[in-house]
Amino acid sequence: IAAAPLSAQGINGTWFTEFERQMRNQDGVVSGGDKTKAKITLEHKGDSLIGTWEIVPASGQPTPPARPLRGAFKDGKGTLVSEFDARRNINGEESVAKVTVIYDFTVSGDKLEGTSKTRSSDMEMPPRPFSAWREKQ
């Protein structure tokens, strides 16, 4: 029995990505912090795409709760949206803000490639590269 081709697999399954967990935007200059790994689990139904985003913690660290993802996928192109509360420090003042991250991507073999855009009610970061790879079975 031959393995199912990618077109049969579609986008369903488990993917992994690395991202900069902390971002800094000072006078329009964006810089990042340490890289962290996340596990993305996706399920495609019709044109809808749902899933979860779960940070893979460093050894000995607690696992943060998974964040829901929602979006659309058609003809190899997808969009996912994640909304969550983030702690912020602006000029020494701590606060919590609702943050939205939008991932626009295409599927290329066992990779998702595109951009992510992060925004809140009073801030928008420039688009940044986004990529993920499929978990090998």
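Residue numbers count from 1 along this sequence. For the numbers below, each heavy atom of this structure counts, side chains included, while hydrogens, waters and symmetry mates do not.
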My understanding is that only one of Leu49, Asn12, Ile11 makes a side-chain contact (heavy atoms from CB on, under 4.5 Å) with Glu43; could you say which? Asn12

Ile102 vs Thr115 side-chain heavy atoms within contact, under 4.5 Å: no

Between Thr36 and Ile55, does a side-chain contact (heavy atoms from CB on, under 4.5 Å) hold up when you go through it step by step? CA-CA 7 Å; Thr36 301; Ile55 292 174; 3.6 Å; yes

Could you go step by step and tell me if Thr79 and Phe105 meet the side-chain contact (heavy atoms from CB on, under 4.5 Å) rule? CA-CA 6 Å; Thr79 297; Phe105 60 89; 5.8 Å; no

Please give me the minimum heavy-atom distance between Leu69 and Ser82, naming the atom from each residue. CD2-CB, 3.6 Å

When every non-hydrogen atom of Pro62 is compared with those of Pro57, the smallest separation belongs to O-CB, 3.5 Å

I want to check something: taking the side chain as every heavy atom from C-beta on, are Ile40 and Phe16 in contact at a cut-off of under 4.5 Å? no

Within the 4.5 Å heavy-atom criterion, are Glu124 and Thr118 side-chain neighbours or not? no

Kindly write out the residues that satisfy salt bridge (charged side-chain N to carboxylate O under 4.0 Å, His left out) with Lys117, not counting sequence neighbours, or none if the list is empty. Asp104

If Ile, Leu, Val, Met, Phe, Trp and Tyr residues are connected whenever their side-chain heavy atoms lie under 4.5 Å apart, and connections chain through other members, are Val56 and Tyr103 in the same group? no

Does any donor atom in the side chain of Thr100 or Arg119 lie under 3.5 Å from an acceptor atom in the other side chain? no

May I ask you to decide whether Lys37 forms a salt bridge with Glu54, counting only side-chain N to carboxylate O separations under 4.0 Å? no

In the single-linkage hydrophobic clustering (I, L, V, M, F, W, Y; side-chain heavy atoms under 4.5 Å), do Trp133 and Phe19 co-cluster? no

Distance from Leu42 atom CG to Thr52 atom OG1, nearest 0.5 Å? 8.0 Å

Mind checking the NZ-CZ spacing from Lys111 to Arg134? Nearest 0.5 Å is all I need. 13.5 Å

If two hydrophobic side chains count as joined below 4.5 Å and joins carry through other members, does Val99 share a cluster with Trp53? yes

Ser120 side chain vs Ala97 backbone, donor-acceptor pair below 3.5 Å: no

Could you label the plane-to-plane angle of the Phe73 and His44 rings as parallel, tilted or perpendicular, counting under 30° as parallel and over 60° as perpendicular? perpendicular

To the nearest 0.5 angstrom, please state how far the OG1 atom of Thr14 sits from the NZ atom of Lys39. 6.0 Å

